[in-house]
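Some notes on the structure that comes next.
Sequential numbering from 1 along the given sequence is applied to the chain's residues.
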Amino acid sequence: MTQSPSPASETDPKAPLLFFDSGVGGLTVLDAARKLLPDAPIVYAADFAGLPYGEKTEAEIGARVPALLGRLVERYRPRLITIACNTASTIALPQVRAALDLPVVGTVPAIKPASEISASRVIGVLGTEATVRQPYVTNLAREFASDATILRYGAPELVRAAEMKLRGEKPDAAIFDRAVAGLTSQERAVPIDTVVLACTHFPLVQDELARAFARPMQFVHGADGIARRIAWLTREQRFEGNGLRFVATGPAAAIIAYEPALRARGFASFESL
């Protein structure tokens, strides 16, 4: 399917942009997109009932994500979907694009920009266990960083830490120490100077990760690039409504703890799917 923008005359100006993630990590992508498209109506969907994706099998994610996005498209009629989740994108993006007749933007590890700024040519990739084992990551490294050493580490605890932080809780500092040690304890890790945050949750705890490293580190993630892609795909379209709606699978009570952080971002509507 060709991923091209719909003509402005054919797009309902009130049709929202749909952002999808297993939890609240995709808010990092949404924040970047709203800087470029402040007038766009937004539906943000969190699959709390399926969290965490990084500990699921490829088969589970490949079945769950297209089916859930199909339900969301039927209910909210978006003009464009952003899968703001590295794990879901690296596994299920082809299936989603095949199933849905509208533009779908994915999220992949930012190995290319990391390679462009790394001086030592040793780059760490922190993601979920499901993401870092994907051949997609190997292909990105081969294409954009063939002269660099790429060290991968699956840090599922960081997903939980980011979720805790958005709920107003304080994660244990040991979580970040373990994630950093997972990279720095590997062979050839000494000159590492750049870390790819290959999960949209991880920029939410970037400050905590920075403190856990023994020396200054460059962190790279793909939110700004994704935002530019969304803006380009909708460049001829009009937006009306400018509302932010938060939707989550699972019980409605699960959303309550997140509401202060979500309201601070401009969300005013909350519902369970």
Side-chain angles (χ1 to χ4, degrees), residues 18-30 32 44-72 81-100 104-112 114 123-141 150-166 175 178-179 182-183 195-206 209 219-223 225-226 229 247-250 273:
L18 174 63
F19 289 78
F20 174 82
D21 184 31
S22 59
V24 296
L27 293 174
T28 59
V29 178
L30 175 60
Y44 183 98
D47 186 14
F48 285 160
L51 184 73
Y53 278 6
E55 298 175 13
K56 285 183 165 48
T57 67
E58 283 80 354
E60 288 173 319
I61 294 170
R64 184 178 184 86
V65 172
L68 184 51
L69 282 171
R71 291 172 58 196
L72 290 164
I81 295 171
T82 299
I83 303 179
C85 173
N86 286 269
T87 300
S89 295
T90 56
I91 294 172
L93 186 58
Q95 298 97 303
V96 172
R97 284 178 168 162
L100 301 176
V104 182
V105 177
T107 305
V108 298
I111 290 175
K112 180 180 180 181
I123 298 168
V125 178
L126 275 177
T128 67
E129 293 172 330
T131 293
V132 299
R133 69 174 179 250
Q134 293 307 310
Y136 198 109
V137 179
T138 302
N139 293 337
L140 287 173
I150 305 296
L151 305 175
R152 312 184 199 186
Y153 185 68
E157 287 185 299
L158 294 181
V159 174
R160 299 185 182 92
E163 294 281 331
M164 290 176 64
K165 187 174 179 179
L166 261 289
I175 293 173
R178 285 192 289 269
L183 287 178
V195 173
V196 177
L197 300 178
C199 173
T200 55
H201 279 82
F202 293 1
L204 294 171
V205 291
Q206 180 175 313
L209 285 169
F219 293 96
V220 181
H221 59 85
I226 299 164
R229 179 65 174 164
V247 182
T249 60
L273 181 68

Side chain to side chain contact (heavy atoms under 4.5 Å, CB included) between Leu27 and Leu166, intermediate numbers included: CA-CA 10 Å; Leu27 293 174; Leu166 261 289; 4.2 Å; yes
Step-by-step side chain to side chain contact (heavy atoms under 4.5 Å, CB included) determination, Ile83 to Leu93: CA-CA 8 Å; Ile83 303 179; Leu93 186 58; 3.9 Å; yes
From CA spacing to verdict: side chain to side chain contact (heavy atoms under 4.5 Å, CB included), Leu68, Leu273: CA-CA 10 Å; Leu68 184 51; Leu273 181 68; 3.5 Å; yes
Ile175 vs Arg160, side chain to side chain contact (heavy atoms under 4.5 Å, CB included): CA-CA, chis, key distance, verdict: CA-CA 10 Å; Ile175 293 173; Arg160 299 185 182 92; over 6 Å; no
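Exactly one residue among Leu197, Leu209, Thr128 makes a side chain to side chain contact (heavy atoms under 4.5 Å, CB included) with Leu158. That residue is Leu209. The only option from Asp21, Thr131, Thr107 that meets the side-chain hydrogen bond (donor to acceptor under 3.5 Å, both in side chains) definition with Thr87 turns out to be Thr131.
Listed for the Thr28 side chain is a donor-acceptor partner under 3.5 Å among the backbone atoms of Thr200. Side chain of Tyr136 to backbone of Ser89: no donor-acceptor contact under 3.5 angstrom is found. In this structure, the side chain of Glu55 does not engage the main chain of Pro52 through any donor-acceptor pair within 3.5 Å. Distance alone, capped at 3.5 Å, places no donor-acceptor pair between the Gln206 side chain and the Phe202 backbone.
Within the model, atoms CG of Leu140 and CD of Gln134 stand 11.5 Å from one another, a figure rounded to the nearest 0.5 Å. From Ser22, atom OG reaches atom CD1 of Ile61 across 8.5 Å, with rounding to the nearest 0.5 Å.
Using a 4.5 Å heavy-atom cutoff, the side chains of Leu18 and Leu69 are in contact. Between Tyr153 and Val132, the closest side-chain pair of non-hydrogen atoms is not below 4.5 Å. You'll find the side chain of Val65 stays beyond 4.5 Å of the side chain of Gln95, heavy atoms only. With contacts defined as side-chain heavy-atom distances shorter than 4.5 Å, the pair Ile111/Ile123 does not qualify. For the pair Val159 and Tyr53, the minimum side-chain heavy-atom distance is 4.5 Å or more.
When all heavy atoms of Ala223 and Ala32 are compared, the closest pair comes out as O-CB, 3.6 Å. Smallest separation of non-hydrogen atoms from Thr90 and Pro109: CG2-CD, 4.1 Å. The two residues Leu204 and Gly25 have their closest heavy-atom pair at CD1-CA, 4.2 Å. Val24 approaches His201 most closely through the heavy-atom pair N-NE2, 3.6 Å. In this structure, Gly23 and Glu163 approach most closely via the heavy-atom pair CA-OE2, 3.3 Å. Between Thr249 and Gly50, the closest heavy-atom pair is OG1-N, 4.4 Å.
Defined by atom type and a distance below 3.5 Å, a donor-acceptor pair is present between the side-chain atoms of Thr138 and Arg152.
Other residues, nucleotides and ligands place more than 12 heavy atoms under 6.0 Å from the NZ atom of Lys165.
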